[in-house]
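Contents: one structure, followed by commentary.
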Amino acid sequence: MNYVPGTASLIDDIDKKHLVLLRDGRTLIGYLRSIDQFANLVFHQTVERIHVGKKFGDIPRGIFIVRGENVVLLGEIDVDKPCDTILQQVSIEEILEEQRLQQQAKQETEKVKMQVLKDRGLSIPKADNLDEY
């Protein structure tokens, strides 16, 4: 097997099903159709998979272009391997509602945490303020 440096090593993966984890936390599953020297990726028949607890839902996205700098993880999915997952697939509406509830709970715990820190005389800058420096 010959070693090919950089994104050229992905040429053998074209037209195979892949999972890609993005920097913003989203998970996409689709067929890799094209790549370039900057690791920009084009996916076909793409779905965005949302996980909440032991449930998941797939939102169809179609053709999806991913800028290379946003890729955290890229992996091939073995379509021949039988799926033995303990996760339960639910409808799009149900998973979006579960995700909304999970985000609300997370925001509430963050508020409580920030209040406790404030009561103790400590403060943590918000993440969006850190990007300015």
Point to revise | Arg67, CZ: over 12 other non-hydrogen atoms inside 6.0 angstrom | key: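 Count not over threshold, so no.
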Could you grab the distance from atom [atom1] of [X] to atom [atom2] of [Y], nearest 0.5 Å is fine?
X      : Y      : atom1 : atom2 : answer
Ile63  : Phe43  : CD1   : CZ    : 12.5 Å
Ile95  : Arg49  : CD1   : CZ    : 10.5 Å
Glu108 : Glu110 : CD    : CD    : 11.0 Å
Ile92  : Ile50  : CD1   : CD1   : 8.5 Å
Leu73  : Arg23  : CG    : CZ    : 15.0 Å
Thr27  : Asp58  : OG1   : CG    : 10.0 Å

So [Y] and [X], do their side chains get closer than 4.5 Å, heavy atoms only?
X      : Y     : value
Ile65  : Asn40 : no
Leu101 : Val52 : no
Leu96  : Ile59 : yes
Asp15  : Leu32 : no
Asp13  : His18 : yes

**Study point:** Ile11 with Leu74, same ILVMFWY side-chain cluster at under 4.5 Å
**Key:**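 In one cluster with Ile11: Leu74, yes.
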Check your understanding: Is Ile35 linked to Leu22 within one hydrophobic cluster, defined over Ile, Leu, Val, Met, Phe, Trp and Tyr using a side-chain heavy-atom separation of less than 4.5 Å?
Key ->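 Hydrophobic grouping puts Ile35 with Leu22.
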Check your understanding: Would Val20 and Val72 count as a side chain to side chain contact (heavy atoms under 4.5 Å, CB included) if you check the C-alpha gap in whole Å, the side-chain angles of each, and the deciding distance to 0.1 Å?
Key -> CA-CA 7 Å; Val20 62; Val72 174; over 6 Å; no
Check your understanding: Charged N to carboxylate O below 4.0 Å: is that the case for Glu98 and Lys55?
Key ->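 Yes.
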Practice item. Please answer whether the main-chain N or O of Ile29 pairs with a side-chain N or O of Thr46 as donor and acceptor at a distance below 3.5 Å. Key: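 It does not hold such a pair.
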Check your understanding: Counting only N and O atoms by type, is there a donor-acceptor contact under 3.5 Å from the side chain of His44 to the main-chain atoms of Val42?
Key ->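 Not at all, since once roles are kept as given, no pair shorter than 3.5 Å links the two residues.
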Check your understanding: When you look at Val66 and Leu28, which way does the side chain to side chain contact (heavy atoms under 4.5 Å, CB included) test go after all the steps?
Key -> CA-CA 10 Å; Val66 179; Leu28 302 174; 3.9 Å; yes
Exercise for review: Decide side chain to side chain contact (heavy atoms under 4.5 Å, CB included) for Leu10 and Leu41; before the verdict, give the C-alpha distance in whole Å, the side-chain angles of both, and the deciding distance to 0.1 Å.
Suggested key: CA-CA 10 Å; Leu10 292 174; Leu41 308 170; 4.3 Å; yes
Exercise for review: Begin with the C-alpha distance, continue with both residues' side-chain angles, and end with the deciding distance and a verdict on side chain to side chain contact (heavy atoms under 4.5 Å, CB included) for His51 and Leu87.
Suggested key: CA-CA 9 Å; His51 298 91; Leu87 299 177; 3.8 Å; yes
